Every structure is written in C-alpha cells, then in structure tokens.
Amino acid sequence: MSYRIGLVGKPSVGKSTLFNAATMNDVPEGAYPFTTIDPSVGEAYVRVECPAPEFDQTCTPETGFCRHGTRYVPVKLVDVAGLIPGAHEGKGLGNQFLSDLNETDVLVHVVDFSGTTDIEGESTEGHDPREDIDFLERELDQWYLGILRKAVEKYEGAYEGAEPEIEEYVATQMDAFGVSPDLAKQVILAQGLDLDPATWEEQDELELARELRVRTKPMVVAANKMDHPAGAANWAEITEDPEYDHLTFTPVSAHAEKALKQADEGGVVDYDPGADSFEIVGDLSAEQEKGLGAIETFVSEFGGTGVQTALETALFDVLGVVPVFPGSAKGVVTDEGKVLRDCFLLPPDATVEDFAYFLHTDIGDGLLHGIDCRTKRQVGASHELEERDVVELITTA
Ligand SMILES: Nc1nc2c(ncn2[C@@H]2O[C@H](COP(=O)(O)OP(=O)(O)OP(=O)(O)O)[C@@H](O)[C@H]2O)c(=O)[nH]1
Ligand SMILES: [Mg+2]
C-alpha cells in the first residue's frame with residue numbers, strides 16, 4: 001500500500017547511484033549504458049517533522065525511524081533500466097522498461113546536468129540536458145499514445161450501439177495507470193474533443209495521451225551531478241528557460257548523498273539524511289577531509305544533497321500526499337504505550353472519513369467524527385486533513 005516513486009531517465013545519469021544513496025542498497029552503478037537491466041525496488045524515506053515534542057513526548061515509530069526530531073517515513077523507490085530515444089518502439093531495453101513504470105505513483109526524472117553523457121548515455125562533453133528532458137517526455141507520451149490507440153481500436157471494433165462508451169475503453173486499457181472512466185471522460189472533454197474517436201485527428205490523440213500521462217505520472221526533475229563544474233551553468237540556463245516552466249527541478253548530487261551516508265555509517269560524520277550540514281565526529285584521512293570539504297560547500301550552497309528533497313518534492317508537492325498521525329484517547333500514546341506509532345501517507349485532499357476507511361472498513365463504517373489532538377476540538381467526517389495533523393477517530397465500535 002505504500003507509495004511508489006519511480007526513477008527514470010536515459011542510461012548513466014545516476015539513477016542507481018541515487019537509488020543506492022536513498023535506500024542504502026548496493027545495486028551496480030557504472031559509467032556505461034544499461035548497467036541496470038532488472039528493476040530494483042527498495043525502501044527509501046520521506047521526512048516529516050515529528051509532532052512528538054509538541055506533546056512533550058519522545059516518539060516510538062513502528063516503521064521507519066526518527067532522528068533529531070525528524071520522522072523518516074518509508075516509501076518504495078523503483079530503479080529501472082535506462083531509456084533511450086525510440087524505447088516505445090523497442091529500442092534499447094524498450095518496452096520492458098516502460099512496463100516497469102506501470103505501478104509507480106510519481107516519477108523522478110534523473111537528468112545528468114553535467115552534460116557529460118550523450119543522449120544514449122555514452123561519455124561526451126557539453127551535452128544539453130534539455131534534449132534529455134524533451135525526449136523522455138516524448139517517449140512517455142508515445143507509450144501512452146500506443147495504449148490509447150489500442151482503446152480506440154477496440155472501441156471501433158465493437159458492435160455499434162450496445163457497446164460501452166469510449167471512456168470505458170480508455171480506462172480499461174489504462175487501468176494500471178489509475179485512469180478511471182471519469183478521468184478519461186474529463187480529460188477528453190477538457191481537450192475540447194467529442195466522446196467519439198472518429199472525430200479525433202492524429203494530433204488530438206497525441207495531446208490526449210500527453211494530458212493523461214501528465215495527470216497520472218506527475219514528474220520532478222532531479223538535476224543530478226550538480227557537483228560537476230558544468231552543472232551550475234546548465235542549471236541557470238534551464239531553470240530560467242520558460243519552455244521548462246511546467247517542470248519542477250531539484251539540484252542533486254547523488255554522489256554527495258552516498259558519501260555522507262557511508263561516512264555516517266562509518267562513524268566519521270553525524271549526518272541526518274537530507275540536512276544542509278553535517279558534523280565531523282571521527283578521525284579523517286587527508287583524502288576524506290578534502291572530499292568532505294567539497295561536499296560541505298555543496299550542501300550549504302544547495303540546502304542539502306537534494307536526494308531527499310527530490311523524493312519529498314515528488315511525493316508531497318507534485319503528488320500532494322498528506323502525512324497524518326493517528327492519535328488516541330490518551331493523546332499521542334497508544335494503549336500499548338507507544339507514542340505516535342504510525343505516520344500514514346494519505347492521498348491528496350483526504351478527509352477524516354477517508355482516513356478512517358484507509359485504516360479499516362469497519363472504522364470507516366462506524367466513524368462518528370474525529371478529534372484534533374492538538375486543539376482537542378471535534379472535526380467532522382468531511383473535514384479535509386492537513387499535513388502533520390494528529391487525529392483521533394471516534395467510532396461506534
Ligand atoms: N559527478 C557525479 N557523478 C555521478 C553522480 N551520480 C552518479 N554518477 C556517476 O554516473 C555514472 C552512472 O551512474 P549509474 O548510477 O550507474 O547510472 P544509471 O542511471 O543507473 O545508469 P543505467 O543503469 O545504465 O541506466 C557512474 O559512473 C556514477 O558514479 C553524481 O551525483 N555526481
Ligand atoms: Mg542503473
């Protein structure tokens with residue numbers, strides 16, 4: 001039931017490095033294309049400020065952990081094979097890669113902002129990262145278009161009169177992307193199209209596919225390898241280019257995050273993942289001192305290594321997920337004496353009632369109202385939850 005964040009991008013941009021840094025896994029990384037073939041799924045975390053201190057308590061999380069007042073809540077991260085132009089027609093690892101993205105809720109497009117890899121991930125210099133952004137969006141759109149065309153073919157092949165409407169066909173074909181008949185219909189009409197595919201031009205179909213893709217696979221760009229000297233110029237140019245206003249960018253150094261996590265595990269530094277600083281607590285070799293010095297400059301300039309920020313921007317800002325803590329009659333302590341045991345990640349615009357059903361059908365069915373554990377005030381079933389709400393659910397059970 002946890003959210004799945006997919007890492008996408010051409011080969012050699014650092015998807016696996018970012019995956020390893022975020023999950024402390026050890027999947028192969030390499031300066032050659034298609035290092036990754038089979039997708040890996042790992043546990044990463046998103047940060048949520050812990051409410052326990054507001055209640056003069058120390059939390060005891062059931063999943064994830066809490067470090068210096070920050071909860072690290074588990075999410076699934078998916079590392080997939082690199083994608084090259086023409087993938088939707090089977091180039092590179094082609095369609096296999098695309099279907100690995102089926103069940104992801106949001107994408108982090110990892111882009112090499114150092115410009116040191118060409119469009120197929122081979123070593124070069126001065127490559128414009130915009131080409132990568134453009135082609136990836138195009139590939140995803142073509143992938144959706146292929147599926148949309150299947151829906152149209154099926155609709156057209158059905159007997160006239162008795163068959164379901166076109167939106168039903170689209171939803172059936174795009175079920176894995178979470179396209180419901182309602183959404184399909186809404187998007188078709190929003191594009192100014194009739195609910196009759198016989199009236200659609202080729203361009204209409206492409207725009208429709210693109211809109212369905214944008215709605216069901218929202219995306220953040222992780223501008224990786226920003227530790228490289230060429231990164232800053234690319235960053236300035238691209239983030240100021242109005243053509244890319246529709247995207248959200250995060251500056252990232254997957255290398256820096258990985259080095260800091262390793263140094264933390266080795267007892268050399270004290271580093272809270274995602275923080276914009278760290279403390280040196282062990283003895284350093286001259287080489288380590290130089291490396292950590294460069295990383296210190298990076299994290300203070302960019303507000304962190306960007307790995308955590310990329311995942312959190314994807315989940316919270318782009319997807320709109322709401323982290324909520326269940327409270328109890330004793331405030332934040334459970335009957336077993338656990339404090340703020342759970343932090344649940346709820347879908348955008350979730351209400352108190354949605355929260356109840358999220359926990360259990362019986363809780364949803366028996367829900368009377370909620371209590372905001374901070375203010376001790378009653379909140380109705382239709383009350384929309386906000387991030388970090390601590391809510392007790394009152395039921396008939
Ligand atoms: N300078 C720099 N290099 C990086 C960074 N992240 C990854 N790299 C390097 O980029 C190369 C490719 O990294 P991978 O993680 O294997 O890339 P990938 O996107 O998983 O590649 P495929 O599996 O082939 O699709 C490796 O040599 C990494 O060391 C970074 O933040 N900065
Ligand atoms: Mg890889």
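The structure displayed is predicted, hence computed values, not measured ones. Just follow the structure's listing: the first ligand is 1, and inside any ligand the first atom is 1. Throughout, residue positions are numbered sequentially from 1 according to the sequence presented.
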For [Y], is there an ion pair with [X] - N to carboxylate O distance below 4.0 angstrom?
X      : Y      : result
Arg149 : Glu153 : no
Lys258 : Glu29  : yes
Asp112 : Lys225 : yes
Glu257 : Lys261 : yes

Practice item. Let me know which protein residues bring a heavy atom to under 4.0 Å of ligand 1; chain then number is fine for ordering. Key: Pro11, Ser12, Val13, Gly14, Lys15, Ser16, Thr17, Glu29, Gly30, Ala31, Tyr32, Pro33, Phe34, Thr35, Thr36, Gly82, Asn224, Lys225, Asp227, Ser253, Ala254, His255
With a 3.5 Å distance limit and no angle check, can you tell me whether [X] reaches the backbone of [Y] through a side-chain donor-acceptor pair?
X      : Y      : value
Glu392 : Gly370 : no
Glu131 : Asp128 : no
Thr104 : Arg4   : no
Arg47  : Gly274 : yes

Practice item. Could you walk me through whether Ser40 and Asp79 pass the side chain to side chain donor-acceptor pair (under 3.5 Å) test, one step at a time? Key: CA-CA 5 Å; Ser40 305; Asp79 177 33; 4.7 Å; no
Revision key, fill the gap. Counting only protein N, O or S atoms (no waters) closer than 2.8 Å to the Mg ion (ligand 2) gives 2
